[in-house]
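Here's the structure, in structure tokens; my notes come after.
Below, each value reflects all heavy atoms present in this structure, side chains not excepted, and no hydrogens, waters or symmetry copies.
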Amino acid sequence: IPVNNYHGLTISPSGGRLLVDRDLDGLDVYDTLGALLATLPTAKYYRFDRDERYLATFFNGTVHLYQDLKEVKTIASAEIDLKDMALDVTANRVVLVAPKRLEVFELTTGKKVWEFPLLEEERSFTSVDISPDGERIVCGIDVNLGTGVVKEKRHVEGYVYLFPIGGQTMASKKVTYGRWGVDLPRVAFSAGGGAVMVETREDVEKLRIK
């Protein structure tokens with residue numbers, strides 16, 4: 001596929017859709033044979049739902065929700081820039097994480113149902129995912145403990161925050177690693193949803209969920 005002004009890409013969970021980011025020229029969506037299905041407006045973040053009929057994009061404080069590549073809803077966020085987003089149509093949720101705030105919205109109404117601010121100055125969100133059963137949200141949190149030394153030699157710690165989809169009691173686990181890295185740790189649920197994969201600059205760890 002020849003691409004003008006290539007900026008990045010993502011593949012839908014089943015592999016049936018390929019989304020090519022052309023920066024300010026917009027997003028091109030292709031099928032597995034390379035046929036162009038749609039060209040969508042510019043977005044900085046974009047996520048397919050697991051059944052790939054739905055796609056959410058984010059740009060300049062607005063979530064655009066597409067069904068079968070046709071826009072069906074827009075949702076306004078208090079944040080302009082994100083670190084990550086997650087989409088689950090079955091759970092009727094889209095989750096946004098900016099550096100200092102997590103926001104959870106209902107897809108059908110566009111209403112914000114809960115949020116979680118990070119009050120500690122040195123902490124920031126890095127990543128987010130929704131479990132395959134739509135019941136839980138996992139987030140990565142970065143804490144830089146060595147701001148007075150060269151980045152590559154900083155000691156870094158992070159946290160994994162786990163929430164029920166409704167946002168009640170939070171569980172957390174601390175992770176530490178010796179090598180500094182940008183926007184780490186990265187977190188994602190395993191395919192079955194019984195574990196969380198945690199990526200740092202040094203390794204990938206599997207955390208079992210009880």
Side-chain angles (χ1 to χ4, degrees), residues 8 10 12-13 19 21 27 40-67 71-144 158-173 175 182-189 193 196-199 209:
T10 189
S12 64
L19 186 150
D21 181 353
L27 307 173
L40 307 177
T42 299
K44 190 171 182 181
Y45 291 90
Y46 27 85
R47 293 289 182 271
F48 284 98
D49 185 51
R50 286 183 171 82
D51 69 1
E52 82 181 30
R53 288 188 59 200
Y54 293 88
L55 170 69
T57 69
F58 181 90
F59 185 69
N60 223 16
T62 302
V63 177
H64 299 267
L65 180 66
Y66 299 88
Q67 180 180 355
E71 187 171 76
V72 292
K73 185 174 289 294
T74 59
I75 299 171
S77 167
E79 303 294 339
I80 298 298
D81 194 20
L82 296 185
K83 285 296 184 180
D84 201 3
M85 66 186 297
L87 171 69
D88 192 304
V89 172
T90 302
N92 190 30
R93 296 290 188 270
V94 60
V95 184
L96 312 178
V97 287
K100 301 298 292 183
R101 185 193 309 270
L102 175 147
E103 295 180 308
V104 182
F105 295 87
E106 284 185 346
L107 291 172
T108 51
T109 65
K111 177 184 176 183
K112 183 190 294 186
V113 289
W114 61 277
E115 65 176 40
F116 184 85
L118 283 178
L119 302 179
E120 300 88 351
E121 182 177 349
E122 74 278 7
R123 296 191 184 190
S124 62
F125 283 107
T126 61
S127 51
V128 67
D129 196 19
I130 301 174
S131 62
D133 61 8
E135 295 297 324
R136 291 160 294 183
I137 296 169
V138 67
C139 304
I141 309 291
D142 178 44
V143 181
N144 191 339
Y159 288 85
V160 177
Y161 286 2
L162 187 69
F163 298 91
I165 198 74
Q168 297 89 16
T169 307
M170 178 192 73
S172 69
K173 177 178 175 58
V175 292
V182 178
D183 292 336
L184 296 173
R186 305 294 300 177
V187 297
F189 281 99
V196 171
M197 310 306 296
V198 182
E199 176 191 1
I209 299 174

Give the minimum heavy-atom separation between Tyr66 and Pro41, together with the two atoms involved.
OH-CD, 3.4 Å

Would you check if the side chain of Asp183 reaches a backbone N or O of Lys83 as a donor-acceptor pair within less than 3.5 Å?
no

If you look at every heavy atom in Ser12 and Glu52, which pair is closest and at what distance?
OG-OE1, 2.8 Å

Any heavy-atom pair between the side chains of Phe116 and Cys139 that's under 4.5 Å?
no

Are the side chains of Thr126 and Pro185 in contact, using a 4.5 Å heavy-atom criterion?
yes

Pairwise side-chain contact, Leu118 with Phe125, heavy-atom cut-off 4.5 Å (strictly under):
yes

Glu79 CD to Phe58 CZ distance, which is reported to the nearest 0.5 Å:
7.5 Å

To the nearest 0.5 Å, how far apart are CZ in Arg101 and CG in Leu119?
10.0 Å

Residue pair Leu184 / Asp142, side-chain heavy-atom distance below 4.5 Å
no

Between Phe105 and Val63, is a side-chain contact (heavy atoms from CB on, under 4.5 Å) present by the stated rule, with each step listed?
CA-CA 10 Å; Phe105 295 87; Val63 177; 5.8 Å; no

What one should report as the nearest heavy-atom pair of Arg186 and Ser127 is CA-OG, 3.4 Å

How long is the straight-line distance from CZ of Arg93 back to CG of Asp88, given to the nearest 0.5 Å?
10.0 Å

Hey, could you give me the CZ/OH distance between Arg123 and Tyr159, rounded to the nearest 0.5 Å?
4.5 Å

Evaluate whether atom CD of Glu121 has more than 12 neighbouring non-hydrogen atoms of other residues, nucleotides or ligands under 6.0 angstrom away.
no

For a 4.5 angstrom cut-off between non-hydrogen side-chain atoms, does Val187 reach Tyr161?
no

Check whether any side-chain N or O of Ser131 sits under 3.5 Å from a backbone N or O of Gly193 as a donor-acceptor pair, and report yes or no.
no

If we only count heavy atoms from C-beta on, is the Leu65 to Ile75 side-chain gap below 4.5 Å?
no

Would you say that Ile130 contacts Val95 through its side chain, given a criterion of any heavy-atom pair below 4.5 Å between the two side chains?
yes

From CA spacing to verdict: side-chain contact (heavy atoms from CB on, under 4.5 Å), Leu107, Lys73
CA-CA 8 Å; Leu107 291 172; Lys73 185 174 289 294; 5.6 Å; no

When rounded to the nearest 0.5 angstrom, what is the spacing between CD1 in Ile137 and CE in Met170?
13.0 Å

Which heavy atom in Phe189 sits nearest to a heavy atom in Pro132, and how many Å separate them?
CB-CD, 3.9 Å

Hey, which of Lys112, Lys111, Glu106 is the one that makes side chain to side chain donor-acceptor pair (under 3.5 Å) with Thr109?
Glu106

Does the side-chain contact (heavy atoms from CB on, under 4.5 Å) test come out yes or no for Asn60 and Ile80, once each step is laid out?
CA-CA 5 Å; Asn60 223 16; Ile80 298 298; 3.7 Å; yes

Quick check for you: to the nearest 0.5 Å, what is the distance between Phe48 atom CZ and Leu87 atom CG?
10.5 Å

Scanning both residues in full, the closest heavy-atom pair of Glu71 with His64 reads OE2-ND1, 2.6 Å

Could you go through Arg47 and Asp84, starting from their C-alpha distance and side-chain angles, then the distance that decides it, and tell me whether this counts as side-chain contact (heavy atoms from CB on, under 4.5 Å)?
CA-CA 9 Å; Arg47 293 289 182 271; Asp84 201 3; 2.4 Å; yes

Evaluate the side-chain proximity of Lys44 to Asp81: yes if any heavy-atom separation is below 4.5 Å, no if none is.
yes

Nearest heavy-atom pair of Pro13 and Arg50: which atoms, and what distance?
CG-CA, 3.8 Å

Please list, chain by chain and in numerical order, all residues satisfying ring-ring contact (aromatic ring centres under 6.0 Å, His included) with Tyr54, sequence neighbours excluded.
none

